[in-house]
Amino acid sequence: MANPADSMPFSSLMGVEVSEASAERVVGTLTVRADLCTAGHILHGGAIMAFADALGAIGAFLTLPQGAKGTTTIESKTNFLGAAPEGSIVRGEATPVKIGRTLSVWQTRIDTADGRQVALVTQTQLVL
């Protein structure tokens, strides 16, 4: 499978790797590099949100109704639950909460490789 994140330049720059992408679930990983971290050597909150946004956007795209041109994020809420240290790998899993004709809502759980929660992100995607 080609990496769907490669079609989004910023996600590609971040290093988002998608291992599974369907209308029911999108799974990906992100290596916590120094340039994605805070001064404290943990994954920056903005990088966490961007990672989740990429996974949810891929899912939303895969559920677009026929004739739709695309999707865009119109809302995103993040609960930061833990830290991901530099050098680690985080895993994100996005699942749909609701798929509608004009909107879809996706929830992405981000965990460390050993299963510790990093964040829970809920985003709303507008169908274009």
Side-chain angles (χ1 to χ4, degrees):
M1 167 176 92
N3 184 15
D6 287 346
S7 67
M8 298 178 286
F10 185 66
S11 298
S12 181
L13 178 69
M14 285 182 57
V16 175
E17 292 290 333
V18 175
S19 58
E20 181 181 335
S22 71
E24 293 79 36
R25 182 168 97 141
V26 179
V27 178
T29 57
L30 179 69
T31 300
V32 182
R33 304 184 319 248
D35 60 339
L36 298 175
C37 287
T38 66
H41 304 284
I42 60 172
L43 187 59
H44 190 282
I48 291 169
M49 294 176 74
F51 176 44
D53 186 68
L55 299 180
I58 291 166
F61 181 80
L62 292 173
T63 62
L64 284 174
Q66 188 159 348
K69 295 180 181 176
T71 181
T72 189
T73 306
I74 60 169
E75 182 194 29
S76 185
K77 180 208 182 293
T78 303
N79 289 102
F80 297 104
L81 305 170
E86 183 179 335
S88 66
I89 295 175
V90 290
R91 177 186 182 274
E93 181 175 332
T95 55
V97 174
K98 169 110 172 119
I99 304 295
R101 209 173 28 83
T102 59
L103 295 172
S104 65
V105 178
W106 288 77
Q107 188 170 69
T108 304
R109 179 185 169 123
I110 299 174
D111 299 314
T112 61
D114 60 0
R116 290 180 294 118
Q117 289 183 315
V118 174
L120 186 63
V121 181
T122 304
Q123 66 181 259
T124 305
Q125 295 278 332
L126 176 67
V127 173
L128 302 174

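One is the number of the first residue; the rest follow in order along the sequence. Because the structure is predicted, anything quoted here is derived from the model rather than measured. The figures here come from the full heavy-atom set of this structure, side chains too, leaving out hydrogens, waters and symmetry mates.
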Fill in: Heavy-atom pair with the smallest gap, counting every atom of S7 and P4
OG-O, 2.8 Å
Worksheet item: Would you say D6's side chain and V16's backbone share a donor-acceptor pair under 3.5 angstrom?
Response: no
Worksheet item: Got L81 and L120 here, is their nearest side-chain heavy-atom distance under 4.5 Å?
Response: yes
Item to complete: Give a yes or no on whether I74 and V105 share a hydrophobic cluster (residues Ile, Leu, Val, Met, Phe, Trp, Tyr; joining criterion: side-chain heavy atoms under 4.5 Å apart).
Response: no
Practice prompt. Specify the closest pair of heavy atoms between P85 and R116, including all atoms of both residues, with the distance to one decimal.
Written response: CD-NH2, 4.5 Å
Worksheet item: Please walk me through it: do S88 and V32 pass side chain to side chain contact (heavy atoms under 4.5 Å, CB included)?
Response: CA-CA 5 Å; S88 66; V32 182; 3.5 Å; yes
Worksheet item: Any chain of hydrophobic side-chain contacts (each under 4.5 Å) joining M8 to F10?
Response: yes
Fill in: Connected via hydrophobic side-chain network under 4.5 Å: V118 and L36
yes
Discussion item. When you compare the side chain of V127 with that of R101, does any pair of heavy atoms fall below 4.5 Å?
Written reply: no
Worksheet entry | CE on M14 to CG on D35, rounded to 0.5 Å | 9.5 Å
Fill in: Nearest-0.5 Å distance that lies between atom CZ in R33 and atom CG in L43
10.0 Å
Fill in: Least distance between heavy atoms, T95 atom then E24 atom
CG2-O, 3.8 Å
Fill in: pair N3-V18: side-chain heavy atoms closer than 4.5 Å
yes
Worksheet item: Should V90 and L13 be counted in the same cluster of Ile, Leu, Val, Met, Phe, Trp and Tyr side chains packed under 4.5 Å apart?
Response: yes
Item to complete: Calculate, to the nearest 0.5 Å, the distance between atoms CZ and OG1 belonging to R109 and T122 respectively.
Response: 12.5 Å
Worksheet item: Which value, rounded to the nearest 0.5 Å, describes the distance between Q107 atom CD and K98 atom NZ?
Response: 15.5 Å
Discussion item. Closer than 4.0 angstrom, basic N to acidic O: yes or no for E93 and R25?
Written reply: yes
Worksheet item: Just checking, any donor-acceptor pair under 3.5 angstrom between side chains of T29 and E17?
Response: no
Fill in: Side chain to side chain, L126 and T71, heavy atoms closer than 4.5 Å
no
Worksheet entry | Shortest non-hydrogen separation from T78 to M49 and the atoms involved | OG1-CG, 3.2 Å
Determine all donor-acceptor pairs shorter than 3.5 Å in which one atom belongs to a side chain in residues 50-70; sequence neighbours excluded.
| residue | atom | partner | partner atom | Å |
| --- | --- | --- | --- | --- |
| D53 | OD1 | T73 | OG1 | 2.6 |
| T63 | OG1 | G59 | O | 3.4 |
| T63 | OG1 | A60 | O | 3.0 |

Worksheet item: Is the closest side-chain heavy-atom distance between L30 and I89 below 4.5 Å?
Response: no
Worksheet item: Measuring from E86:CD to C37:SG, what's the distance to the nearest 0.5 Å?
Response: 4.5 Å
Worksheet item: Do W106 and T108 meet the criterion of a side-chain donor-acceptor pair at a distance under 3.5 Å?
Response: no
